[in-house]
Chemist: 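Provided herewith is a single structure, encoded as structure tokens, for subsequent inquiry.
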2 protein chains.
Amino acid sequence: MTVTLADVAARAQVSPATVSRVLNGNYPVAAATRERVLKAVDELDYVLNGPASALAAATSDLVGVLVNDIADPFFGIMASAVQSEIVGPGGRAGGERLAVVCNTGGSPERELTYLTLLQRQRAAAVVLTGGAIEDAAHVAAVASKLRRLAEAGTRVVLCGRPPVPDAGAVALTFDNRGGGRELTEHLLGLGHRRIGYVAGPEERTTTRDRLEGHREALAAAGVEESPGLVVHGSYDRAAGYAATRELLGRDSSLTAVVAANDTVALGACAALREAGLRIPEDVSVAGFDDLPFSVDAVPALTTVRLPLAEAAARAGRIAMGREAAPVGGVDVVGGELMVRGSTGVPRGV
Amino acid sequence: MTVTLADVAARAQVSPATVSRVLNGNYPVAAATRERVLKAVDELDYVLNGPASALAAATSDLVGVLVNDIADPFFGIMASAVQSEIVGPGGRAGGERLAVVCNTGGSPERELTYLTLLQRQRAAAVVLTGGAIEDAAHVAAVASKLRRLAEAGTRVVLCGRPPVPDAGAVALTFDNRGGGRELTEHLLGLGHRRIGYVAGPEERTTTRDRLEGHREALAAAGVEESPGLVVHGSYDRAAGYAATRELLGRDSSLTAVVAANDTVALGACAALREAGLRIPEDVSVAGFDDLPFSVDAVPALTTVRLPLAEAAARAGRIAMGREAAPVGGVDVVGGELMVRGSTGVPRGV
DNA sequence: TTGAAAGCGGTACCAA
DNA sequence: TTGGTACCGCTTTCAA
């Protein structure tokens with residue numbers, strides 16, 4: 001039926017072992033032999049059997065990328081950044097890794113399920129992107145899963161969430177708190193005093209950190225936070241819309257809105273426009289992430305600029321162990337805001 | 001090291017074969033035995049070895065989803081729709097399929113590369129979403145790849161692109177032409193006569209079909225297409241922005257713009273706003289897809305509404321072989337589906 | 001209903 | 001530099 005390595009070996013008049021060596025390119029093979037093998041591969045249209053290879057080598061070329069919401073461009077950028085950085089070590093035409101993008105939808109159960117699925121596949125690496133859920137039981141469950149994965153040789157990368165102790169994971173964190181602070185400082189600088197805040201879901205690290213930054217800025221400026229001016233919701237457009245309507249209902253005198261991320265900001269803008277308010281003439285809006293499409297919808301955005309795609313790519317590179325120099329504190333970015341690896345030093349490389 | 005099926009067998013005092021049967025649930029096993037096995041699995045924290053399983057069974061539980069641009073929410077919606085529909089037949093806790101979202105970036109080479117990678121993994125199914133490239137050589141190459149995949153037992157689904165002969169593929173197509181026509185008809189109905197058209201990339205099925213629909217509508221209304229009022233570009237925001245600026249430069253008197261998809265429409269809106277034009281007071285904008293976030297940015301959008309997520313889910317279900325009966329708006333005709341967004345009435349194939 | 005054992009297609013160690 | 005060959009961990013007849 002399907003062509004196997006043995007078929008190729010027969011055709012090239014060599015042993016299966018030799019074919020394997022040629023294909024993996026990690027062993028010396030005479031040029032002439034190699035030619036013959038490659039020719040046979042080509043003629044037979046041979047395609048390596050991934051599962052067999054993974055079984056024998058005890059590792060696969062799959063890389064899992066967990067995202068909270070695949071319909072959110074933010075995660076799309078992250079995913080494609082990682083994807084573009086996980087070329088295998090062999091450099092061969094066929095020696096590539098396959099990125100498996102898993103959509104958790106922000107659900108703790110699905111997060112664990114996917115982790116198990118990736119463990120089952122003996123994934124080469126797993127990249128967890130976006131904020132983490134803060135529920136203690138879940139955090140413990142994830143930590144234990146990650147530990148097992150690491151034990152089995154899977155490289156673990158955390159991109160945008162707090163480090164996990166003893167998981168041998170590379171952690172790349174964003175300065176959510178600082179970002180949140182700057183965003184609000186920016187609005188304060190424009191003279192705004194009544195600022196609504198559309199926060200992310202409760203129990204999420206990013207939600208809390210950004211909100212803390214916001215409050216920090218208010219406090220530093222001596223502005224008292226009006227009660228009811230913070231509304232929580234999921235990180236999507238609908239939630240941003242709903243939350244903003246809610247804010248307007250509570251206090252129609254606000255002059256600025258901070259959105260916990262750009263997708264949310266889009267929803268906020270929609271609600272404001274619908275209410276007959278103009279942006280930024282009547283109300284300023286500031287979003288958090290660095291999504292290209294929101295630049296003009298969210299004028300204040302430019303004050304905070306996280307090169308997330310680059311950060312994700314870098315995390316992927318670190319996970320694959322082909323990082324040149326240590327990440328160090330800040331050199332990842334040239335922008336206004338810093339992205340810093342939590343430990344500052346890549347671990348487990 | 002890692003726990004194997006044999007370990008579980010030993011602990012449960014049964015043979016490996018029995019454990020396998022319990023796990024797969026496709027064989028009669030005494031209730032008591034099953035309990036014992038499940039208990040052992042639990043105690044040992046056993047996780048099936050995917051590659052080994054795939055090798056022995058000659059098929060894996062991976063489902064590949066090819067998308068043109070993972071940062072485009074359109075594909076995110078498609079991907080998550082497929083993902084939510086590919087639960088395995090077993091229904092077991094561990095019997096799930098894993099969706100592999102592959103980002104081709106619209107590149108022919110990467111499309112083929114991913115197809116090979118999935119072939120190597122012995123994927124259970126492959127779903128190709130979005131418009132296809134029309135280059136003859138590439139079409140042939142893809143067709144041949146798909147045929148091989150099908151031969152090897154991989155189910156192939158085409159979602160949003162033309163059927164491929166002899167590939168044994170399920171094809172789900174959208175009425176791009178009809179949609180394009182209606183969009184323009186809508187604008188014509190509003191009284192517009194000078195309509196700019198921001199088209200997708202050349203050599204793409206969706207680009208051509210939608211554009212044909214546009215021209216059809218113009219012709220039917222007796223409106224002559226002004227030269228230079230069609231500009232091509234990729235399906236992203238930046239292209240929409242650039243193309244619209246270009247259009248404005250060529251003819252500042254246009255009163256409406258059709259964008260070949262929603263992401264492009266967002267860019268178009270940005271360019272118009274930047275030019276000091278108001279939407280829809282000065283210029284109407286119509287996008288094509290059915291993305292939730294663009295509803296207000298593109299007021300005319302509601303004239304065309306394709307239930308894409310549902311369609312993708314349906315395609316996934318069909319591929320997995322558990323399709324029941326056709327529902328309204330979607331019809332199954334000889335393995336091919338036609339989704340007609342605007343009227344909701346299925347068209348013949 | 002359960003067990004024994006022969007593969008599935010590669011990989012990598014040991015020799016030659 | 002190349003060949004021989006034990007596995008890798010699971011599935012699936014074939015018997016019992």
Side-chain angles (χ1 to χ4, degrees), chain A residues 1-38 40-41 44 46-61 88-90 92 94-95 119-122 124 152-153, chain B residues 1-38 40-41 44 46-61 88-90 92 94-95 119-122 124 152-153:
Chain A
M1 263 298 288
T2 46
V3 183
T4 73
L5 190 149
D7 297 329
V8 175
R11 173 140 193 148
Q13 319 239 55
V14 296
S15 74
T18 300
V19 177
S20 174
R21 294 196 265 253
V22 170
L23 260 27
N24 290 302
N26 47 8
Y27 238 79
V29 174
T33 313
R34 134 180 262 94
E35 284 314 309
R36 222 154 7 107
V37 170
L38 257 20
V41 165
L44 261 32
Y46 169 70
V47 174
L48 185 77
N49 184 315
S53 172
L55 173 56
T59 180
S60 79
D61 47 10
R92 303 213 59 57
Q119 180 183 6
R120 172 191 303 182
Q121 298 297 336
R122 304 301 189 253
Chain B
M1 265 293 290
T2 46
V3 183
T4 74
L5 192 147
D7 297 329
V8 175
R11 173 141 193 146
Q13 318 238 56
V14 296
S15 74
T18 300
V19 177
S20 174
R21 287 175 190 133
V22 170
L23 259 28
N24 289 301
N26 48 9
Y27 238 79
V29 173
T33 314
R34 135 182 261 93
E35 284 313 310
R36 221 157 5 109
V37 171
L38 256 20
V41 165
L44 261 32
Y46 170 69
V47 174
L48 185 76
N49 184 315
S53 171
L55 173 57
T59 179
S60 78
D61 46 11
R92 300 214 61 55
Q119 180 183 7
R120 171 191 303 183
Q121 298 297 335
R122 305 301 189 252

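Within every chain, numbering begins at 1; the chains are lettered A, B, ... in the order of the sequence lines, protein sequences first and strands thereafter. Everything numeric in this text was worked out from a predicted model, so none of it was measured.
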Chemist: Between Thr4(A) and Asn49(A), is a side-chain contact (heavy atoms from CB on, under 4.5 Å) present by the stated rule, with each step listed?
Modeler: CA-CA 8 Å; Thr4(A) 73; Asn49(A) 184 315; over 6 Å; no
Chemist: Sequence neighbours left out, what passes side chain to side chain contact (heavy atoms under 4.5 Å, CB included) with Ala56(A)? Give chain and number order.
Modeler: none
Chemist: Starting from the C-alpha separation in whole Å, work towards a yes-or-no answer on side-chain contact (heavy atoms from CB on, under 4.5 Å) for Leu55(B) and Arg122(B).
Modeler: CA-CA 9 Å; Leu55(B) 173 57; Arg122(B) 305 301 189 252; over 6 Å; no
Chemist: Run the side chain to side chain contact (heavy atoms under 4.5 Å, CB included) test against Leu48(B) and tell me which residues pass, sequence neighbours left out.
Modeler: Arg120(A), Tyr46(B), Ser53(B)
Chemist: Check whether any side-chain N or O of Ser60(B) sits under 3.5 Å from a backbone N or O of Gln121(B) as a donor-acceptor pair, and report yes or no.
Modeler: yes
Chemist: Give the minimum heavy-atom separation between Pro16(A) and Ala9(A), together with the two atoms involved.
Modeler: N-CB, 3.6 Å
Chemist: Applying a 3.5 angstrom cut-off to the pairing atoms, does DNA chain D sit in any stems of at least three consecutive Watson-Crick or G-U pairs? List them by first number.
Modeler: C:1-16 with D:1-16
Chemist: Can you pull out every salt bridge (Lys or Arg N to Asp or Glu O under 4.0 Å) where at least one residue sits in residues 6-17 of chain B? Sequence neighbours excluded, please.
Modeler: Arg11(B)-Glu43(B)
Chemist: What does nucleotides 6-16 of chain C look like as a protein-contact string, B for base, S for sugar-phosphate only, - for none, at under 4.0 angstrom between heavy atoms?
Modeler: -BBBBSBB---
Chemist: Quick one: are Leu23(B) and Val8(B) in side-chain contact, heavy atoms under 4.5 Å?
Modeler: no
Chemist: Where do Val22(A) and Thr33(A) land on the side-chain contact (heavy atoms from CB on, under 4.5 Å) test, with the steps shown first?
Modeler: CA-CA 9 Å; Val22(A) 170; Thr33(A) 313; 5.6 Å; no
Chemist: For the side chain to side chain contact (heavy atoms under 4.5 Å, CB included) test, which of Thr18(A), Val14(A), Val29(A), Val19(A) pairs with Arg34(A)?
Modeler: Val29(A)
Chemist: Taking any atom under 4.0 angstrom from a heavy atom of chain A, which nucleotides of DNA chain D are the first and last to qualify, 5' to 3'?
Modeler: dT1(D) to dG9(D)
